[in-house]
Amino acid sequence: MPTIFSKIIAGEIPCHKVWEDDAHFAFLDINPWVEGHTLVIPKAEHDYLFDMDDDSYTALHLAAKTVANLLKDKLGCARVCTTVIGYEVPHVHIHLLPTNQMSDFAKPGTFGMKEKPDLVALAKRITS
Ligand code: 5GP
């Protein structure tokens, strides 16, 4: 059975796409921790990051670098932080988190922004 992220890539579930290439796809997280919270995923299904073969692992990180630079450029943030968790969705994804200061992060255990940003407007800003 395809993962929820494979369904997003296939267009069966809507998303706010910000970038893609032949093998990777990037879209705004539906429950952002910070404004511009983006997930970068391989189009091929892999459950666990460190089980990926070296070429796929390296290519995913290069894709994440491209998207991080795009976010920094378009959103004008100080730095894009990153993390990989993967307990919720068993399809490898790198979280990219545009930030200006440490306090932009919610306290651990309270992930999620109180005020949800306008994802449509944000996706337009990043892709324009
Ligand atoms: P993790 O697996 O790293 O713990 O978290 C999965 C992430 O995927 C969460 O930040 C969650 O908000 C995001 N997510 C889960 N389902 C969807 C979805 O259908 N659309 C989008 N855009 N993000 C999702």
Side-chain angles (χ1 to χ4, degrees):
M1 190 165 139
T3 66
I4 192 167
F5 287 172
S6 288
K7 289 182 181 172
I8 285 177
I9 294 166
E12 292 164 20
I13 294 176
C15 77
H16 300 93
K17 182 177 92 170
V18 296
W19 180 88
E20 80 175 304
D21 69 7
D22 287 351
H24 308 91
F25 194 89
F27 56 104
L28 297 176
D29 195 294
I30 204 167
N31 186 25
W33 307 345
V34 296
E35 189 176 71
H37 181 171
T38 296
L39 303 176
V40 184
I41 65 177
K43 289 184 178 174
E45 289 186 358
H46 302 269
D47 178 357
Y48 180 52
L49 179 73
F50 297 119
D51 282 341
M52 292 177 81
D53 64 84
D54 288 356
D55 286 347
S56 305
Y57 176 92
T58 302
L60 175 63
H61 282 82
L62 290 174
K65 181 177 178 182
T66 297
V67 179
N69 288 336
L70 175 70
L71 294 173
K72 189 167 183 291
D73 181 38
K74 297 290 183 166
L75 302 180
C77 61
R79 60 176 65 210
V80 176
C81 303
T82 184
T83 187
V84 176
I85 304 176
Y87 280 114
E88 189 182 327
V89 180
H91 184 141
V92 166
H93 48 284
I94 296 182
H95 294 261
L96 295 181
L97 302 155
T99 60
N100 288 304
Q101 64 245 324
M102 187 66 191
S103 59
D104 288 348
F105 288 108
K107 275 196 240 149
T110 60
F111 285 139
M113 295 177 75
K114 283 197 191 113
E115 308 262 326
K116 300 288 175 216
D118 177 347
L119 297 186
V120 175
L122 208 46
K124 261 194 207 139
R125 224 171 118 197
I126 295 165
T127 55
S128 65

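Read the numbers this way: they start at 1 and go in the same order the structure lists the ligands and their atoms.
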- The reported gap from CG in Leu70 to CG in Leu75 (rounded to nearest 0.5 angstrom) is 8.0 Å
- Query: Just wondering, are more than 12 heavy atoms of other shown residues or ligands nearer than 6.0 Å to NZ in Lys72?
  - Reply: no
- Just need the protein heavy atom nearest to atom 22 (N) of ligand 1, so name the residue and atom and give the distance. Leu28 O, 2.9 Å
- Task: Between His95 and ligand 1, find which residue part has any heavy-atom pair under 4.0 Å and reply side chain, backbone, both or neither.
- Result: side chain
- Query: Going by the atom numbers of ligand 1, which of them fall below 4.0 Å from some non-hydrogen atom of Phe27?
  - Reply: 21 (C), 22 (N)
- Message: Checking the N or O distance criterion of under 3.5 Å, is ligand 1 in contact with Ile8?
- Response: no
- Taking only heavy atoms of Asn31, which atoms of ligand 1 are found under 4.0 Å from at least one of them? 12 (O)
- Task: Please write down residue, atom name and distance for the protein heavy atom closest to atom 9 (C) of ligand 1.
- Result: Asp29 OD2, 3.3 Å
- Heavy-atom contacts with Leu39 under 4.0 Å: which atoms of ligand 1 show up? List them by number with element. 8 (O), 13 (C)
- Note on the structure: Contact region, Ile4 to ligand 1, non-hydrogen atoms below 4.0 Å, reads side chain
- With no hydrogens and no angle check, do the side chains of Thr58 and Asp55 hold a donor and an acceptor under 3.5 Å apart? no
- Euclidean distance, Trp33 CH2 relative to Cys81 SG, rounded to 0.5 Å: 11.0 Å
- Item | His61 side-chain N/O to Tyr57 backbone N/O, donor-acceptor pair under 3.5 Å | yes
- Note on the structure: When distances are taken from atom 5 (O) of ligand 1, the protein heavy atom at minimum range is His93 NE2, 3.6 Å
- Do you see a donor-acceptor pair shorter than 3.5 Å between the side chains of His37 and His95? yes
- So is Gly86 polar-close to ligand 1, meaning N/O to N/O under 3.5 Å? yes
- Message: If we ignore hydrogens and angles and just use 3.5 Å, is the side chain of Asn100 paired with the main-chain N or O of Ala78 as donor and acceptor?
- Response: yes
- Task: Taking the six-membered ring for Trp and the single ring otherwise, decide whether the centroids of Phe25 and Phe5 are under 6.0 Å apart.
- Result: no
- Note on the structure: atom 15 (C) of ligand 1: closest protein heavy atom, distance to 0.1 Å, is Glu88 OE2, 3.4 Å
- For atom 23 (N) of ligand 1, the protein heavy atom that lies nearest, with its residue and separation: Ile30 N, 3.3 Å
